[in-house]
Amino acid sequence: MKRGLWILLLSITLYFAARAPASEPPAFVANEKVAPVDQPTKAGNIIRLDPRIDKLIATDAKLEKVADGFDWVEGPVWNRQENYLLFSNIPANAIIKWQADKPTEIFMKPSGYTGSAPFAGREPGTNGLTYDNDGHLVMCEHGDRRITRLESNGKKTTLADRFDGKRLNSPNDLVFSAKGDLYFTDPPWGLPKTFDDPQKALDFCGVYRLSKTGKLTLLTKELKAPNGIALSPDEKKLYVTESLGERAAWYVFDVKEDGTITNGRIFFDAAALMKIRKGAPDGLKVDKDGNLFSAGPEGIYVFAPDGTLLGTIETGVPTGNCNWGEDGSALFITADKAIYRIKTTTRGKGF
């Protein structure tokens, strides 16, 4: 199949797949069957479906691999004080540090599992990483099933590990509001047997808000496997990805004055994508104008605030997350076993 025709067919498919009606609570809207596409993705290709993407990614932009040889990488975050990138190598139970023109090094090991017995599952380490408003590293720990903050003395403080007295599943990704409230997702991917794990204490997978005062609130339990999470620049919208099978989609919620959420609806339906590519909607970040850059099946998906898919940055492999770094215009991408970087012509939220 000619590449131009493939792009046209894919764009038409995704356009109609995205026109899913709103629902409260979020509900899956079935897609029509999609014929397999015989054109594989290729790392470095930038598929431009809407001319607005040219204002975000220059036509001569290149995807650059900056580090490789890991197990499964996730949770990239940029340290703006010392100019380095941290990311999780989840199966290795380690956080890795990358700095330009220097070899990568271990920043923390163990990271997400500190038990003495061997971990039975595949993902013991940290997943999502971020910095709080005071500059402390905050981590989603799969193996220890908690969210922690790294203090100046090198010790950890547990911020959340239980809801209603029951252990969390395995916190996955997180984002702070300007007020200091922490929003996070809690699917079971860090548990050795995921949904069927005997240690799973909660019968749902929640999206939570941890207030600055330490109060933990369940925002929704309607998503089967909530994953990535991000706030719009004005913090009036919360984006959450659902990574499971036929329910897979990007969702958006309205944020109320008290920090809770309402009016959950599908922002973009991913079921058609998952029939032709490996991976699922995953970590996502927002630029200063509210455009979304999200990891998904074999690439980064770029959306306008109105839900239009503007294009994709192809990696060719399942892609877990992304984040802004350097001067705020560089997008770092965690894709399978490698770290990529691409220069954009926008800036990340908060830069």
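Quantities reported herein were computed from a predicted structural model and do not represent experimental measurements. Side chains are part of it too, since the values below use all heavy atoms of this structure and drop only hydrogens, waters and symmetry mates.
- Atom CH2 in Trp189 sits 12.5 Å away from atom CG in Asp197 (nearest 0.5 Å).
- In this structure, OG1 in Thr158 is found 13.5 Å from CZ in Arg145, a value given to the nearest 0.5 Å.
- In this pair, Phe332 and Trp78 present their aromatic rings parallel. The plane angle is below 30°, not in the 30 to 60° band.
- For CG of Asn153, the number of neighbouring non-hydrogen atoms (other residues, nucleotides, ligands) closer than 6.0 Å is greater than 12.
- Looking only at distances, no side-chain donor or acceptor of Asn321 sits under 3.5 Å from a matching main-chain atom of Glu74.
- Ile57 and Ile342 get closest at one heavy-atom pair: CG2-CD1, 4.2 Å.
- Side-chain N or O atoms of Asp269 include one that pairs as donor or acceptor with a backbone N or O of Ala271 at under 3.5 Å.
- Other residues, nucleotides and ligands place more than 12 heavy atoms under 6.0 Å from the NZ atom of Lys256.
- A 4.5 Å side-chain heavy-atom check between Val286 and Leu231 finds every atom pair outside the cut-off.
- In Arg162, the CZ atom is crowded: over 12 heavy atoms of neighbouring residues, nucleotides or ligands sit closer than 6.0 Å.
- Leu191 and Phe195 fall into different hydrophobic clusters, where Ile, Leu, Val, Met, Phe, Trp and Tyr residues are linked whenever their side-chain heavy atoms come under 4.5 Å apart, directly or through other members.
- Under the 30°/60° scheme for interplanar angles, the aromatic rings of Tyr208 and Phe184 are found to lie parallel.
- Between the side chain of Lys200 and the backbone N or O of Leu202, at least one donor-acceptor pair lies under 3.5 Å.
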**Report entry** Test side chain to side chain contact (heavy atoms under 4.5 Å, CB included) applied to Glu235 and Val255, step by step
**Finding:** CA-CA 7 Å; Glu235 302 192 346; Val255 181; over 6 Å; no
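- Taking hydrophobic clusters as Ile, Leu, Val, Met, Phe, Trp and Tyr residues chained together by side-chain heavy-atom distances below 4.5 Å, Ile96 shares a cluster with Val73.
- When the side chains of ILVMFWY residues are joined at heavy-atom separations under 4.5 Å, either directly or via intervening members, Leu273 and Val317 end up in two distinct hydrophobic clusters.
- Here the closest heavy-atom approach between residue Tyr340 and residue Ala338 is recorded as CE1-CB, 3.8 Å.
- Counting non-hydrogen atoms of neighbouring residues, nucleotides and ligands closer than 6.0 angstrom, the NZ atom of Lys109 exceeds 12 such neighbours.
- Separation of atoms CG (Leu86) and CH2 (Trp98) is listed at 12.0 Å; rounding is to 0.5 Å.
- With hydrogens and angles ignored, the 3.5 Å screen pairs no side-chain donor or acceptor of Trp72 with any backbone N or O of Ala92.
- With hydrogens and angles left out, the side-chain atoms of Ser211 and Thr213 include a donor and acceptor closer than 3.5 Å.
- Proximity of Phe293 to Leu331: side-chain heavy atoms (C-beta onward) are separated by under 4.5 Å at one or more points.
- Following chains of ILVMFWY side-chain contacts shorter than 4.5 Å, one cannot reach Leu174 starting from Ile90, and the two form parts of different hydrophobic clusters.
- Heavy atoms only, all atoms of each residue included: Asp181 and Arg209 are closest at OD2-NH2, 3.0 Å.
- With rounding to the nearest 0.5 Å, the separation of CD in Glu326 from CZ in Phe351 is 9.5 Å.
- Here the side chains of Ile229 and Leu238 are in contact, with some heavy-atom distance below 4.5 Å.
- Taking OG1 of Thr319 as the reference point, atom CG of Asp282 lies at 9.0 Å (rounded to 0.5 Å).
- Counting heavy atoms from C-beta outward, Phe267 and Leu292 have side chains that approach closer than 4.5 Å.
- Of the possible polar contacts, one joining the Asn323 side chain to the Pro76 backbone as a donor-acceptor pair under 3.5 Å is found.
- Between Trp250 and Tyr301, the ring-plane angle classifies as tilted under the 30° and 60° cut-offs.
- Listed for the Asp164 side chain is no donor-acceptor partner under 3.5 Å among the backbone atoms of Lys166.
- Counting only distance, with no hydrogens or angles, the side chain of Ser170 and the backbone of His142 share no donor-acceptor pair below 3.5 Å.
- When all heavy atoms of Pro281 and Met274 are compared, the closest pair comes out as CD-SD, 4.0 Å.
- Between Ile147 and Pro171, the shortest heavy-atom contact is CG1-CB, 3.7 Å.
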Requested in this report: Run the numbers on Asp287 and Lys349 for salt bridge (Lys or Arg N to Asp or Glu O under 4.0 Å), then give the verdict.
Outcome: CA-CA 5 Å; Asp287 77 358; Lys349 175 180 178 285; over 6 Å; no
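- Between the Thr126 side chain and the Ser111 main chain, no donor and acceptor come within less than 3.5 Å of each other.
- Between the Ser243 side chain and the Ala225 main chain, a donor and an acceptor come within less than 3.5 Å of each other.
- Under a cutoff of 6.0 Å and an axis angle of 45°, Lys97 and Phe107 do not form a cation-pi pair.
- Side chains of Thr220 and Tyr251 form no contact here, defined as non-hydrogen atoms less than 4.5 Å apart.
- No more than 12 heavy atoms of other residues, nucleotides or ligands lie within 6.0 Å of NZ in Lys224, so this atom counts as exposed by the packing criterion.
- Residues Val207 and Phe253 have side chains not in contact (no heavy-atom distance under 4.5 Å, counting atoms from C-beta outward).
- Linking Ile, Leu, Val, Met, Phe, Trp and Tyr whenever their side-chain heavy atoms come within less than 4.5 Å puts Leu137 and Tyr84 in one cluster.
- The side-chain heavy atoms of Asn93 and Pro110, taken from C-beta on, include a pair separated by under 4.5 Å.
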Query - Residue pair Glu222, Arg247: steps toward the salt bridge (Lys or Arg N to Asp or Glu O under 4.0 Å) verdict - result: CA-CA 11 Å; Glu222 300 302 326; Arg247 294 174 58 98; over 6 Å; no
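- No donor-acceptor pair under 3.5 Å is formed between the side chain of Glu314 and the backbone N or O of Gly299.
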Query raised in the report: Are Lys55 and Asp289 close enough, and set up right, to give a salt bridge (Lys or Arg N to Asp or Glu O under 4.0 Å), and what steps lead you there?
Result: CA-CA 12 Å; Lys55 296 181 180 180; Asp289 298 315; over 6 Å; no
Report task. Take Tyr239 and Leu284 through the test side chain to side chain contact (heavy atoms under 4.5 Å, CB included) and record every step on the way to the result. Result -> CA-CA 8 Å; Tyr239 299 98; Leu284 68 158; 3.6 Å; yes
**Report entry** From CA spacing to verdict: side chain to side chain contact (heavy atoms under 4.5 Å, CB included), Met108, Lys156
**Finding:** CA-CA 12 Å; Met108 180 187 297; Lys156 292 181 179 180; 3.7 Å; yes
Query raised in the report: Yes or no on side chain to side chain contact (heavy atoms under 4.5 Å, CB included) for His136 and Leu150, after CA distance, side-chain angles and deciding distance?
Result: CA-CA 6 Å; His136 295 102; Leu150 184 64; 5.9 Å; no
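- Remark: Lys275 engages Glu246 in a salt bridge, criterion side-chain N to carboxylate O under 4.0 Å.
- With a 4.5 Å cut-off on side-chain heavy atoms, Thr315 and Asp336 do not count as touching.
- Across Asp327 and Ser329, no two heavy atoms sit closer than the pair OD1-OG, 2.6 Å.
- Rounded to the nearest 0.5 Å, atoms CD1 (Ile53) and CZ (Phe303) are 10.5 Å apart.
- Between the side chains of Lys179 and Asn133, no donor N or O sits under 3.5 Å from an acceptor N or O.
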Query - Evaluation steps, salt bridge (Lys or Arg N to Asp or Glu O under 4.0 Å), between Asp50 and Arg52 - result: CA-CA 5 Å; Asp50 187 292; Arg52 285 176 285 180; 3.1 Å; yes
